[in-house]
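Working notes, structure below.
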Amino acid sequence: MTVAWDERDAGVLRLPSGRLVRGRGLRRPLPADSPVPTYGVYLLGKPPPEVPWQARWLRWPDFRLPADRAEAHTVLTEAWHRSLTERVELACGGGRGRTGTALACLAVLDGVPPGEAVSYVRAHYDRHAVETPWQRRYVLRFGAPADESGAEGWSGTEGRSGPPRPEA
């Protein structure tokens, strides 16, 4: 079993189940006194730099939502599962908006009600996490049943141009 994150380290979020996940901004260097991740999820609009650990790129432009909601759900669910036995890191450029949104989604997977997940992440990770209204809505709908496209609770237009479709 991998040595877990130290919950006192910067960016480490303890989920209610006790799982530890690190959020980070890629514009800042890796903490020198902290172990490296064993698995990383990089939330960027373009491919991330190479890293010496297992990693996934989730295409997610700055101040937006994931390009593929179904893939995002799959990737974040895998990260949540892996966080039980591995050092999982979620990171975007600044470590607040996209990273905070992804951490809030992990909190939902961990049992935090969707309506409380943003507050949970702001209280335990960064008070500025989840920066936009559509990122907050994404977290609220993250645990909703999948529609016919497989995207949980999403019509596919939120966070893009145009209004959301009315719900059926």
Side-chain angles (χ1 to χ4, degrees), residues 1-62 64-114 116-131 135 138-139 141-144 146 150-152:
M1 187 163 137
T2 303
V3 175
W5 294 116
D6 183 336
E7 69 181 291
R8 297 168 296 183
D9 286 347
V12 175
L13 172 69
R14 176 179 285 280
L15 294 168
S17 66
R19 295 166 193 250
L20 300 174
V21 182
R22 181 170 74 186
R24 181 169 72 93
L26 294 173
R27 290 192 290 267
R28 293 187 294 276
L30 280 168
D33 57 345
S34 181
V36 297
T38 55
Y39 182 70
V41 176
Y42 300 102
L43 317 160
L44 300 166
K46 61 182 181 178
E50 291 291 320
V51 291
W53 49 84
Q54 282 190 307
R56 286 282 302 263
W57 169 44
L58 183 58
R59 194 161 73 83
W60 191 332
D62 201 7
R64 295 288 199 76
L65 298 175
D68 182 329
R69 311 300 194 279
E71 178 187 18
H73 195 276
T74 299
V75 169
L76 295 174
T77 300
E78 179 184 3
W80 178 77
H81 283 291
R82 292 177 81 147
S83 69
L84 185 62
T85 59
E86 298 181 55
R87 286 188 307 272
V88 173
E89 170 179 84
L90 302 177
C92 65
R96 288 185 170 171
R98 293 166 286 180
T99 298
T101 302
L103 289 171
C105 290
L106 263 60
V108 170
L109 291 170
D110 206 61
V112 175
E116 298 172 21
V118 171
S119 295
Y120 183 87
V121 170
R122 287 179 173 169
H124 300 284
Y125 169 69
D126 185 308
R127 66 187 180 101
H128 299 291
V130 191
E131 295 175 313
Q135 289 172 340
Y138 182 77
V139 174
R141 297 177 179 174
F142 185 75
E152 281 67 14

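Since we're looking at a predicted model, the values are computed, not measured.
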How close do Ala102 and Leu76 get, counting heavy atoms only, and between which atoms? CB-CD2, 3.8 Å

Nearest atoms (heavy-atom pairs only) where Leu15 meets Ala107: CD2-CA, 3.8 Å

I need the full list of salt bridge (Lys or Arg N to Asp or Glu O under 4.0 Å) pairs touching residues 27-43, with sequence neighbours left out, sorted by first then second residue. none

Any idea which heavy atoms bring Val139 and Cys105 closest together, and the distance? CG2-SG, 4.3 Å

Among all residues two or more places apart in sequence or in another chain, which pass the ring pair (Phe, Tyr, Trp, His ring centres under 6.0 Å) test with Tyr39? none

According to salt bridge (Lys or Arg N to Asp or Glu O under 4.0 Å), who are the partners of Glu7, at least two apart in sequence or on a separate chain? Arg14

side-chain contact (heavy atoms from CB on, under 4.5 Å) with Glu131: which residues, sequence neighbours excluded? Phe63, Arg96, Gln135

Applying salt bridge (Lys or Arg N to Asp or Glu O under 4.0 Å), name anything that partners Arg8, two or more places apart in sequence or on another chain. Asp6

side-chain hydrogen bond (donor to acceptor under 3.5 Å, both in side chains) partners for Gln54, two or more places apart: Arg82

Please report, to 0.1 Å, the donor-acceptor pairs under 3.5 Å made by any side chain of residues 42-50, with sequence neighbours excluded.
| unit_1 | atom_1 | unit_2 | atom_2 | d |
| --- | --- | --- | --- | --- |
| Tyr42 | OH | Trp53 | NE1 | 2.9 |
| Tyr42 | OH | Glu89 | OE1 | 2.6 |

Rounded to the nearest 0.5 Å, what's the gap from OG on Ser119 to CZ on Arg127? Could you check? 14.0 Å

Working to the nearest 0.5 angstrom, can you tell me the gap between Thr101 OG1 and Arg64 CZ? 14.0 Å

Would Leu58 and Glu71 count as a side-chain contact (heavy atoms from CB on, under 4.5 Å) here? Give the steps. CA-CA 8 Å; Leu58 183 58; Glu71 178 187 18; 4.0 Å; yes

Closest non-hydrogen atoms of Val88 and Ala79, given as atom of the first, atom of the second and distance, are CG2-O, 3.7 Å

Sequence-distant partners of Arg59, side-chain hydrogen bond (donor to acceptor under 3.5 Å, both in side chains), two or more places apart: none

Those residues at least two apart in sequence (or on a different chain) that pass side-chain contact (heavy atoms from CB on, under 4.5 Å) with Thr38 are Thr2, Glu86, Arg87

So do the side chains of Phe142 and Leu109 get within less than 4.5 Å of each other, counting heavy atoms only? yes

Heavy-atom nearest pair, Tyr125 first then Gly95, reads OH-O, 2.6 Å

Would you compute the distance between atom CG of Leu103 and atom CZ of Arg98 and round it to the nearest 0.5 angstrom? 13.0 Å

Contacts of Ser34 that satisfy side-chain contact (heavy atoms from CB on, under 4.5 Å) - sequence neighbours left out: Trp5, Asp9, Arg22, Pro31

Non-hydrogen side-chain atoms of Leu26 and Cys92 separated by less than 4.5 Å: no

Less than 4.5 Å apart, any side-chain heavy atom of Thr74 and any of Glu78? no

Kindly indicate whether the side chain of Leu90, heavy atoms from C-beta on, has any atom under 4.5 Å from the side chain of Leu106. yes

Taking all non-hydrogen atoms of both residues into account, name the closest pair between Pro114 and Val108 and its distance. CA-CG2, 3.8 Å

